[in-house]
Number of protein chains: 2
Amino acid sequence: MTEPETFPERRRGSGVKLVYDVLRDEILDLVLPPGSPIDEVQLAERFGMSRTPIREALVRLAGEGLVETLPNRSTMVANIDLLNLHTFFDALTLMYRVTTRLAATYHKPADLEILRAHQAKFSAAVEAQDALAMIASNRDLHAAIAEAGRNPYYLSLFVRLLDEGRRLLRLYYQSFNDRLPREYVDEHEAIIAAIEARDVKLCDRLAKAHADQIVRQIQKFISRDQRQQLTL
Amino acid sequence: MTEPETFPERRRGSGVKLVYDVLRDEILDLVLPPGSPIDEVQLAERFGMSRTPIREALVRLAGEGLVETLPNRSTMVANIDLLNLHTFFDALTLMYRVTTRLAATYHKPADLEILRAHQAKFSAAVEAQDALAMIASNRDLHAAIAEAGRNPYYLSLFVRLLDEGRRLLRLYYQSFNDRLPREYVDEHEAIIAAIEARDVKLCDRLAKAHADQIVRQIQKFISRDQRQQLTL
DNA sequence: CGTCAGATTCTTGTCGACAAATAAAATGCA
DNA sequence: TGCATTTTATTTGTCGACAAGAATCTGACG
């Protein structure tokens, strides 16, 4: 049984952002499973506000593809398209490479501190075998690398891809338990060092290897899952 | 004096899309110049509807970066950041290359007909020395190439970049008059032929050359414009 | 003459309500 | 019982209104 959540009295104008952030997290963490319908009045009651700010939050989520809205019909959480995953992997790999390369060129000293902070969190998550924290801090680290690259166009696409990946990993995160991807920690260290050294070619190579590793990991989850489905 | 525009009675649910499309076009064509404030009640009167659908359209536009909204303050048309244009050129060039390469691999016969139709329009626009039509059909052609590549992630970033470019070219479109870029027609023909031949490496080379050409053209406009500003 | 506080106007953010459109249920008929 | 059609119910799209902030104006005071 879920205890009735209560939201503190909020400032004017903070309503949409609150709803947007909460719904976004719940979608990415699969608390709201893909394909599940979203009822506006229900959300309005839950957040204790009118339908108008709920609606605006849903429009924003639809703009990022996290929610699909059928005209005059209920809007629902976007499905995960497992059939066209290769387009996702392709774009993700390219963005890994491009953002890391740009970070090598355009980063400033302050950026490196941020990267190391994220890396510390990631390392701690691996140590604690907390798969969810790993997913989150991995995303934050690479988003920070993209910010150090200072190209807002790549950044926006990349965070969208990273979030989609977060949703995908959440789907299979149980599988993280059998073998700890401690290699990721070392790979991250190497990437950060290459960025600091401003070695563009090395960054590209490391980013590609890192991306391939993640793609393989996800594909392994999926194939295992499909085998399980077949045996049922 | 602008004649009072009148909108036909619309179906339920078509309001936001209408407002979104009209505003988007006006922003991209610089009818609404960058930085100009947007008044909701004014738009509501103009479109003959309530503020609610206007608001949703603005939220969508804000999601695409075409409009910037300050809290509790007026929202305004997004500025063109001339200082960070290199990030735009970088992303544009990469997307030109990637989408053309993917089109070479994944296109189907029906796609080629669409490409040729757009190319015909572009050729006609060049013939007629209609700079605005050239800008629009050039954008449509490359968007169609991206669609033939069948990667929605690249497509969404690319159309955003192409639209931003449309706005940029509109700024300087007068300069198109002095020398007709008839080379573009030939370059487009070559690209389409390379896609049809499924020659990935050639597509990459042609796309890069094409992108470089466009970037140089825009930079020429800008430097010329800046020189004019200096002489004032 | 400039500056600051208070009052006013103006724009936005939010609300409750109503009508259209669709889905679901109920009814009638073969 | 099965199917088509009407009726009901639910949910969305839109509206007009109100209140909170911000910007502007006004006037007093230094």
Side-chain angles (χ1 to χ4, degrees), chain A residues 5-24 26-27 32-79, chain B residues 5-24 26-27 32-79:
Chain A
E5 54 189 338
T6 167
F7 296 98
E9 71 285 356
R10 50 209 143 54
R11 291 185 291 294
R12 171 191 175 85
S14 71
V16 278
K17 178 164 172 47
L18 173 67
V19 177
Y20 171 81
D21 287 336
V22 171
L23 284 187
R24 175 192 166 86
E26 292 188 350
I27 291 173
L32 295 176
S36 62
I38 294 182
D39 185 15
E40 296 178 1
V41 286
Q42 193 173 321
L43 286 177
E45 289 178 8
R46 174 181 161 198
F47 285 98
M49 59 179 78
S50 160
R51 271 178 53 224
T52 310
I54 307 283
R55 220 137 196 297
E56 285 195 12
L58 289 180
V59 171
R60 283 183 58 181
L61 289 171
E64 299 177 27
L66 292 178
V67 135
E68 292 169 5
T69 165
L70 311 181
N72 282 324
R73 201 110 41 100
S74 79
T75 94
M76 37 185 272
V77 178
N79 284 92
Chain B
E5 54 190 336
T6 166
F7 297 98
E9 71 285 357
R10 53 210 138 53
R11 293 186 291 294
R12 170 191 176 86
S14 71
V16 277
K17 179 167 171 45
L18 173 68
V19 177
Y20 171 82
D21 288 336
V22 171
L23 284 186
R24 174 191 166 85
E26 293 188 350
I27 291 174
L32 295 175
S36 63
I38 295 182
D39 185 17
E40 296 179 2
V41 286
Q42 194 172 319
L43 287 177
E45 288 179 9
R46 174 181 161 198
F47 285 98
M49 59 180 77
S50 162
R51 270 177 52 223
T52 310
I54 307 282
R55 220 141 195 297
E56 285 195 13
L58 290 180
V59 171
R60 284 183 57 182
L61 289 170
E64 300 177 28
L66 292 178
V67 135
E68 292 170 6
T69 165
L70 311 181
N72 280 327
R73 201 107 45 94
S74 80
T75 95
M76 35 184 276
V77 179
N79 283 92

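All chains are named by letter (A, B, ...) in the order of the sequence lines, taking the proteins before the strands, and each is independently numbered beginning at 1. None of the values given here were measured: they were computed from a predicted structure.
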request  = Using heavy atoms to find the nearest nucleotide of DNA chain C for A:S50 and B:V41 separately, return the residue whose nucleotide is more 5′.
outcome  =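 First, find each residue's nearest nucleotide; the 5'-ward one identifies B:V41.
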key: First encountered from the 5' end of DNA chain C, between A:P53 and B:E40   =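 Checking each residue's closest nucleotide, the 5'-ward one belongs to B:E40.
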[N] [atom2] sits how many Å from [X] [atom1], rounded?
X	N	atom1	atom2	value
A:L18	C:dT14	CG	P	10 Å
A:K17	C:dT14	NZ	P	13 Å
A:E45	D:dT11	CD	P	10 Å
B:N72	D:dT24	CG	P	15 Å
B:L43	C:dC10	CG	P	18 Å
A:R11	C:dT14	CZ	P	12 Å
A:L70	C:dA20	CG	C1'	17 Å

message = Is it the case that over 12 heavy atoms from other parts of the model lie below 6.0 angstrom from the CD atom of B:E26?
response =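 Above 12, so yes.
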key: Contact nearer the 5' end of DNA chain D, comparing A:T69 with B:R73   =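 By nearest-heavy-atom nucleotide position, the 5'-most residue is A:T69.
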message = Taking any heavy-atom pair under 4.0 Å as a contact, classify B:I38: base, sugar-phosphate, or nothing.
response =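 The answer is sugar-phosphate, as B:I38 gets under 4.0 Å only of primed atoms, P, OP1 or OP2.
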inquiry  = What's B:E56 touching, base or sugar-phosphate or nothing? Going by heavy atoms closer than 4.0 Å.
reply    =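 Nothing: the residue B:E56, judged by heavy atoms under 4.0 Å, touches no strand.
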query = How close do B:L32 and B:S36 get, heavy atom to heavy atom, and via which atoms?
reply =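 For B:L32 and B:S36, the tightest heavy-atom pair comes out as C-OG, 4.0 Å.
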ask   = Of the non-hydrogen atoms in A:M49 and A:I54, which two are nearest, and what is the gap between them?
value =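 The answer is CG-CD1, 4.2 Å.
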side-chain contact (heavy atoms from CB on, under 4.5 Å), paired with B:L18, selected from B:V22, B:D21, B:V16 =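 It is B:V22, the one option of B:V22, B:D21, B:V16 that forms the side-chain contact (heavy atoms from CB on, under 4.5 Å) with B:L18.
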query = Is there side-chain contact between B:L58 and B:L23, with at least one heavy-atom pair below 4.5 Å?
reply =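 Contact flag for B:L58/B:L23 side chains = yes.
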ask   = Does B:R12 put a side-chain nitrogen or oxygen below 4.0 Å from OP1 or OP2 of D:dT12?
value =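 For D:dT12, neither OP1 nor OP2 has a side-chain N or O of B:R12 closer than 4.0 Å.
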message = Which nucleotide wins on minimum distance to the side chain of B:R51, given the candidates D:dA17, D:dT14, D:dT11?
response =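 Nearest to the side chain of B:R51 among the choices is D:dA17.
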